[in-house]
Amino acid sequence: MTISVGLVGAGPWAERVHAPMLAAGPDTRLVGVWARRPESAARFGVPVFERVEELFDNCEAVAFSVPPAVQAEIGVLAAKAGKALLLEKPLAADLAGARRLAEAVGEAGVASQMVLTWRYSAATRSFLARVSALEPFGGYAANISGALLGGDFASPWRLERGAILDVGPHMIDMLDAALGRVTGVRAHGNTLGWAGLLLEHETGAVSEASLCMSVPGATPPSRVEVYGRLGRQAIEGDQLGSDVFAVMLSEFAETVRRGGGHPLDAAHGLRLQEIISAAEQQLG
């Protein structure tokens, strides 16, 4: 049985990824779109709803491809309407919004899942399995690009908040998965320039993350490295493969059918937001 999904948002990411992947199936079917600019959604070839509540009335689940503050606001409405949620990272624009959304999901008892794309890759899962055998004590992650310098993803919220809010969730999540739950963060640098995070993990491991989206010219692939008493393992972003979204949607559909939780749910997104918020406060 396919899951009927409504899409909130019609920007570049929705056009390139969410809309075509949801429509392609086999586990999902795109049944409609709501966007602040309805004319931008007409190209998706499905009904465009004037009111978001009308979208909710025609689907089992809602996928989001909008700025974080909008996701937090409409996500609460979708959860209260009893819809499963496929949520982009970050969960919200701020910690208060993330808490409201996670609480709404919990109170409604609906399924939720975060679009943390690294985690749906077979290469990542193999990497994490190898890491567990290293007796790891430290690690490093870097995500460096020029995305803020122009193009579709130099969007207002990214230009205001920078790399920690945008790509930070991916790198923090990977270090958290590899080295244990993050329990502390220290930050230095500049949110719109180079930001460095020192993470402390409940296992006693420590790690560093370097984040920047303001570097001109060619930049290396994003990268995660883990070191342990028994060796070293590394993975780069260009190893993730092209099937991560198909795997993600398959797992999302199964979560919706089963009615249970997913490890990368809204509560996990809230935990990442808590780390991001602490880092941003330190950077001022």
Side chain to side chain donor-acceptor pair (under 3.5 Å) between His201 and Ser207, worked out = CA-CA 8 Å; His201 300 262; Ser207 63; 2.8 Å; yes
Please test Arg119 against Met174 for side-chain contact (heavy atoms from CB on, under 4.5 Å), starting from the C-alpha separation and ending with a verdict.
-> CA-CA 8 Å; Arg119 297 288 292 278; Met174 283 293 292; 4.0 Å; yes
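- The two residues Ser145 and Ala147 make their nearest non-hydrogen contact at OG-N, 3.3 Å.
- Connection of Phe245 to Leu116 is established within a shared hydrophobic cluster, with ILVMFWY side chains joined at heavy-atom distances below 4.5 Å, either directly or through further cluster members.
- Within the 4.5 Å cutoff, side-chain heavy atoms of Val226 are placed close to those of Phe127.
- Both Leu159 and Leu192 belong to a common hydrophobic cluster when Ile, Leu, Val, Met, Phe, Trp and Tyr are linked at side-chain heavy-atom distances under 4.5 angstrom.
- Inter-residue side-chain proximity for Val33 and Phe49 is flagged as unmet; no heavy-atom pair is nearer than 4.5 Å.
- Gln71 places a side-chain N or O within 3.5 Å of a backbone atom of Pro90 that can act as its donor or acceptor partner.
- Put simply, the side chain of Lys80 never gets that close to the backbone of Ala108: no donor and acceptor are under 3.5 Å apart.
- Considering every non-hydrogen atom in both Ala92 and Pro68, the closest pair reads C-CB, 3.4 Å.
- In this structure, the side chain of Ser65 engages the main chain of Ala14 through a donor-acceptor pair within 3.5 Å.
- Side-chain contact annotation: His268 with Asp173, donor-acceptor N/O pair under 3.5 Å present.
- For the atom pair CZ of Phe64 and CE of Met114, the computed distance is 11.0 Å after rounding to the nearest 0.5 Å.
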Just do the side chain to side chain donor-acceptor pair (under 3.5 Å) check on Arg130 and Ser126 with the steps written out, would you?
-> CA-CA 6 Å; Arg130 297 193 305 273; Ser126 176; 2.7 Å; yes
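- To the nearest 0.5 Å, atoms CG (Asn143) and CD1 (Ile164) are separated by 12.0 Å.
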Let me see the working for Leu87 and Ser112 under side-chain contact (heavy atoms from CB on, under 4.5 Å), right down to the final yes or no.
-> CA-CA 7 Å; Leu87 298 158; Ser112 64; 4.2 Å; yes
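- Glu54 places a side-chain N or O within donor-acceptor distance of the main-chain N or O of Arg51, the cut-off being under 3.5 Å.
- Nearest heavy-atom pair, Pro136 versus Leu179, reported as atom, atom and distance to 0.1 Å: CB-CD2, 3.6 Å.
- The shortest non-hydrogen separation linking Gly138 to Ala205 is N-CB, 4.3 Å.
- With hydrogens and angles ignored, the 3.5 Å screen pairs a side-chain donor or acceptor of Arg258 with a backbone N or O of Gly261.
- With contacts defined as side-chain heavy-atom distances shorter than 4.5 Å, the pair Val5/Val31 does not qualify.
- Leu198 is not connected to Val167 by any chain of hydrophobic side-chain contacts under 4.5 Å among Ile, Leu, Val, Met, Phe, Trp and Tyr, and they are in different clusters.
- In summary, Lys83 and Glu60 do not engage in a salt bridge, as defined by a charged side-chain N under 4.0 Å from a carboxylate O.
- Residues Val224 and Leu175 are in side-chain contact: their nearest non-hydrogen atoms beyond the backbone lie under 4.5 Å apart.
- In this structure, Met21 is a member of the same hydrophobic cluster as Leu30, with clusters built from ILVMFWY side-chain heavy atoms closer than 4.5 Å.
- For the atom pair CD (Gln273) and CG (Asp94), the distance works out to 7.0 Å, reported to the nearest 0.5 Å.
- Between the Thr28 side chain and the Leu22 main chain, a donor and an acceptor come within less than 3.5 Å of each other.
- Under the 3.5 Å distance criterion, with hydrogens and angles disregarded, no donor-acceptor pair is assigned to the side chains of Glu254 and His262.
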Could you walk me through whether Trp194 and Asn190 pass the side-chain contact (heavy atoms from CB on, under 4.5 Å) test, one step at a time?
-> CA-CA 5 Å; Trp194 190 280; Asn190 186 321; over 6 Å; no
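- Contact check on Glu160 versus Arg158 returns no salt bridge, with no Lys/Arg side-chain nitrogen under 4.0 Å from an Asp/Glu carboxylate oxygen.
- In this structure, a donor-acceptor pair under 3.5 Å is present between the side chains of Tyr140 and Ser210.
- Classification of Arg186 and Glu200 as a salt-bridged pair holds, one side-chain N sitting under 4.0 Å from a carboxylate O.
- Between the side chain of Asp243 and the backbone N or O of Ala246 there is no donor-acceptor pair closer than 3.5 Å.
- Under the 3.5 Å distance criterion, the side-chain polar atoms of Glu225 are left unmatched by any main-chain donor or acceptor of Ala141.
- Two residues are said to be in side-chain contact when any heavy atoms from C-beta on lie closer than 4.5 Å; Val185 and Gln282 meet this criterion.
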Please test Leu134 against Gln233 for side-chain contact (heavy atoms from CB on, under 4.5 Å), starting from the C-alpha separation and ending with a verdict.
-> CA-CA 8 Å; Leu134 295 181; Gln233 291 289 338; 3.7 Å; yes
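- Donor-acceptor pairing under 3.5 Å is lacking for the side chains of Glu50 and Trp34.
- You'll find the side chain of Leu249 stays beyond 4.5 Å of the side chain of Ile3, heavy atoms only.
- Between the CD atom in Glu280 and the OG1 atom in Thr191 there is a gap of 7.0 Å [rounded to 0.5 Å].
- Clustering ILVMFWY residues whenever any of their side-chain heavy atoms sit less than 4.5 angstrom apart, transitively, puts Leu55 in a cluster other than the one holding Val48.
- A donor-acceptor contact under 3.5 angstrom links the side chains of Arg29 and Thr2, judged on distance only.
- We find the CD-CG distance between Glu53 and Leu77 to be 6.5 Å, quoted to the nearest 0.5 Å.
- Ion pair Asp238/Arg223 not flagged as a salt bridge, since none of the NZ, NE, NH1 or NH2 atoms sits closer than 4.0 Å to an Asp/Glu carboxylate oxygen.
- With hydrogens and angles ignored, the 3.5 Å screen pairs no side-chain donor or acceptor of Arg271 with any backbone N or O of Arg181.
- Here the closest heavy-atom approach between residue Phe44 and residue Gly9 is recorded as CE1-O, 4.1 Å.
- Between Leu86 and Met248, some side-chain heavy-atom pair lies under the 4.5 Å cut-off.
- Under the 4.5 Å side-chain criterion, counting only non-hydrogen atoms from C-beta, Val70 is not in contact with Trp157.
- A pairwise comparison of heavy atoms in Gly180 and Glu202 identifies C-CG, 4.4 Å as the closest pair.
- Once rounded to the nearest 0.5 Å, the distance linking CG of Asp265 with OG1 of Thr255 reads 9.5 Å.
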